[in-house]
Amino acid sequence: MLKKGLMILLITATVSILAACGQSNDQANQGAGNTETNGQSSAAPSNSAGETKLSGQIEIDGSSTVFPLTEAVAEEFSKEHSDVRVPVGVSGTGGGFKRFIAGETDISNASRPIKDEEAEAAKAAGIEYIELMVAYDGLAVIVNPQNDWVDQVTVEELNAIFKPESTVVNWSDVRPGWPNEKINIFSPGADSGTFDYFTEAVNGEAQASRNDDQVSFSEDDNALVQGIAGNKNGLGYFGLAYYEENQDKLRTVAIVNEDGTAVEPTVETVRDGSYTPLSRPLFIYVKTSSYERPEVKEFVNFFVDHAGELATEVGYVPLPDDKLAESKAKLK
């Protein structure tokens, strides 16, 4: 009887030991699995499809004109890559290039090509970049809706108003029959690519502009919108997209082109080339070293692939196929 009891006790102890060993092995295996998963999570997280999940931050600054397009691209991109932050600044084309050259940003929005001196400064700083054309835009000359006397202007009349040392004070100084009331001028600031483009097209030299107390300058297109919308004698200019967003409180002025035809700024007239000389290409500049980062590369390719449809949504003109192909070729 004693022998039988000892046998039962021995069997019970053996089973308990085996069970404990099995449990320890399971825990060890589970722990090893967790170590592998955690390592993958910290280095290269994956989504449900097994693809590498992107994260990080892409710094963008520059043109307020290009801002609506870049912001639209960033919003669509974030729907697919929610862990990538894409803040977009609006310090103007020139201000954006300053930050870009200083190595503070990955991408610079620009409403004009980079200047020779900016390119030289970038080279000296060791900043290499890819220039990508992304859309076309027209510069709209804007007045207050209460202005019922200006329906069209010539480039010569714009020059008379905006040129350095201009003596134009009242509307009647521009054209007989217009009221003897002071023009309140609202202009983009000197760091704006819009300012560069307009002054070159109208005054023959970039940055050449009147600079007296009759002009209110701002890098913020929204401030220009508010200024003109709140002043019956307001006159200014900015990108067509900003007019499209605020057309309920502003009015465009037709520009007389070289063949004498007065043409309103629209997507169609910018695309067909009849709205001259105030139409232009828009760019983004991508730092080459930033493009090597997976999240930046994915964003830039996403930008080029979707710029056409999103340009239309925000009031710009999509690139023709040949120009789009040129931009895509630069990314290969």
Item checked: Verdict with reasoning, I183 to Q214, per side-chain contact (heavy atoms from CB on, under 4.5 Å) -> CA-CA 8 Å; I183 306 172; Q214 198 163 332; 3.9 Å; yes
Notebook entry, point to check: Do side-chain atoms of Q207 reach the backbone of A190 as a donor and acceptor pair under 3.5 angstrom?
Noted result: yes
Next item on the list: Assess whether side-chain contact (heavy atoms from CB on, under 4.5 Å) is satisfied between V141 and L235, documenting all intermediate values.
Entry: CA-CA 7 Å; V141 175; L235 169 71; 3.8 Å; yes
Notebook entry, point to check: Can any side-chain N or O of N203 pair as donor or acceptor with the backbone N or O of A208 at less than 3.5 Å?
Noted result: yes
Next item on the list: Ignoring hydrogens and angles, tell me if any N or O in the side chain of D61 forms a donor-acceptor pair with the backbone of V90 under 3.5 Å.
Entry: yes
Notebook entry, point to check: Do the side chains of E71 and E75 get nearer than 4.5 Å, heavy atoms only?
Noted result: yes
Item checked: Any donor-acceptor pair under 3.5 Å from D173 side chain to V169 backbone -> yes
Notebook entry, point to check: Should T312 and V267 count as side-chain neighbours, where that means a heavy-atom distance under 4.5 Å?
Noted result: no
Next item on the list: List the atom of P318, the atom of G308, and the distance in Å for their closest heavy-atom pair.
Entry: CG-O, 3.4 Å
Notebook entry, point to check: Is any side-chain N of the basic residue among E118 and R112 closer than 4.0 Å to the acidic one's carboxylate O?
Noted result: yes
Next item on the list: May I ask you to test the F283-S111 pair for a side-chain heavy-atom distance under 4.5 Å?
Entry: no
Next item on the list: Apply the test side chain to side chain donor-acceptor pair (under 3.5 Å) to residues T261 and D259: give CA-CA distance (whole Å), side-chain angles for both, the deciding distance (0.1 Å), then the verdict.
Entry: CA-CA 6 Å; T261 304; D259 66 7; 3.0 Å; yes
Note to self: Any side-chain to backbone donor/acceptor pair from W178 onto W149? Under 3.5 Å, distance only.
What the structure shows: yes
Next item on the list: Could you walk me through whether L250 and N144 pass side-chain contact (heavy atoms from CB on, under 4.5 Å), step by step?
Entry: CA-CA 5 Å; L250 302 170; N144 186 285; over 6 Å; no
Margin query: What I'd like to find out is whether the side chain of I142 reaches to under 4.5 Å of the side chain of R251, using heavy atoms alone.
Written below: no
Note to self: If we ignore hydrogens and angles and just use 3.5 Å, is the side chain of K287 paired with the main-chain N or O of I127 as donor and acceptor?
What the structure shows: no
Notebook entry, point to check: Distance from Y242 atom OH to L240 atom CG, nearest 0.5 Å?
Noted result: 12.5 Å
Margin query: How close do E219 and S192 get, counting heavy atoms only, and between which atoms?
Written below: OE1-N, 3.4 Å
Margin query: Under 3.5 Å, is there a donor on one side chain and an acceptor on the other for D83 and S55?
Written below: no
Margin query: If I take atom CD1 from residue I114 and atom OG from residue S108, how far apart are they, to the nearest 0.5 angstrom?
Written below: 7.5 Å
Notebook entry, point to check: Are the side chain of S63 and the backbone of V66 linked by a donor-acceptor contact shorter than 3.5 Å?
Noted result: yes
Checklist line | Intermediate values then yes/no, ring-ring contact (aromatic ring centres under 6.0 Å, His included), F186 and F217 | finding: CA-CA 6 Å; F186 297 88; F217 293 96; over 10 Å; no
Next item on the list: For A241 and D137, work out which heavy atoms get closest and say how close.
Entry: N-OD1, 4.0 Å
Check: Is N147 reaching over with its side chain to a backbone N or O of V143, donor-acceptor style, under 3.5 angstrom?
Finding: no
Item checked: Value rounded to 0.5 Å, distance of CD1 in I60 from CZ in F67 -> 10.5 Å
Next item on the list: Could you please spell out the steps behind the side-chain contact (heavy atoms from CB on, under 4.5 Å) verdict for L132 and V286?
Entry: CA-CA 8 Å; L132 299 172; V286 184; 4.1 Å; yes
Check: Got a second to check how far N109's CG is from L69's CG, nearest 0.5 Å?
Finding: 8.0 Å
Notebook entry, point to check: Closest approach of G234 and W171, non-hydrogen atoms and distance?
Noted result: O-CZ2, 4.4 Å
Item checked: Closest contact, heavy atoms only, S327 versus V304 -> CB-CG1, 4.4 Å
Notebook entry, point to check: Does any donor atom in the side chain of N301 or Y291 lie under 3.5 Å from an acceptor atom in the other side chain?
Noted result: yes
Item checked: Heavy-atom pair of closest approach, residues A135 and Y316 -> CB-CB, 4.3 Å
Margin query: Quick check against the 3.5 Å criterion: does S279 have a side-chain atom that pairs as donor or acceptor with the backbone of Y275?
Written below: yes
Note to self: Grouping I, L, V, M, F, W and Y whenever their side-chain heavy atoms are under 4.5 Å apart, do V150 and L139 come out in a common cluster?
What the structure shows: yes
Margin query: One thing to verify: whether K79 and E76 come together as a salt bridge, which I'm taking to mean a side-chain N less than 4.0 angstrom from a carboxylate O.
Written below: yes
Item checked: Atom pair CE/NZ of M133 and K323 - distance to nearest 0.5 Å -> 5.0 Å
Checklist line | S172 versus N170, side-chain donor and acceptor atoms under 3.5 Å | finding: no
Next item on the list: Would you indicate whether the side-chain heavy atoms of R280 and Y197 approach each other to under 4.5 Å?
Entry: yes
Item checked: Donor + acceptor pair across side chains of S274, D272 (<3.5 Å) -> yes
Item checked: Residue that, paired with I161, satisfies side chain to side chain contact (heavy atoms under 4.5 Å, CB included) out of V215, V153, V174 -> V174
Checklist line | Close side-chain approach of T269 to E264, heavy-atom, < 4.5 Å | finding: no
Note to self: Assess, by modelled atom type and distance only, whether the side chains of S209 and T199 contain a donor and an acceptor separated by less than 3.5 Å.
What the structure shows: no
Item checked: Point-to-point distance, once rounded to the nearest 0.5 Å, from OH of Y129 to CD1 of I284 -> 14.0 Å
Margin query: What I'd like to find out is whether the side chain of V263 reaches to under 4.5 Å of the side chain of T276, using heavy atoms alone.
Written below: no
Next item on the list: Could you tell me whether the side chains of N233 and E181 share a donor-acceptor contact shorter than 3.5 Å?
Entry: yes
Check: Is there a salt bridge (Lys or Arg N to Asp or Glu O under 4.0 Å) between E157 and R175 once you walk through the steps?
Finding: CA-CA 8 Å; E157 288 171 332; R175 188 184 296 184; 2.8 Å; yes
Notebook entry, point to check: Judged by modelled atom types alone, do S187 and Y237 share a side-chain donor-acceptor pair under 3.5 Å?
Noted result: yes
Item checked: Exceeds 12 heavy-atom contacts within 6.0 angstrom, atom CG of D321 -> no
Next item on the list: Please examine the side chains of L310 and F303, heavy atoms only from C-beta on, and report whether any two atoms are closer than 4.5 Å.
Entry: no
Notebook entry, point to check: Less than 6.0 Å separating the ring centroids of Y285 and F97?
Noted result: yes
Check: Distance-only, no hydrogens or angles: does the S166 side chain make a donor-acceptor pair with backbone N or O of R210 under 3.5 Å?
Finding: no
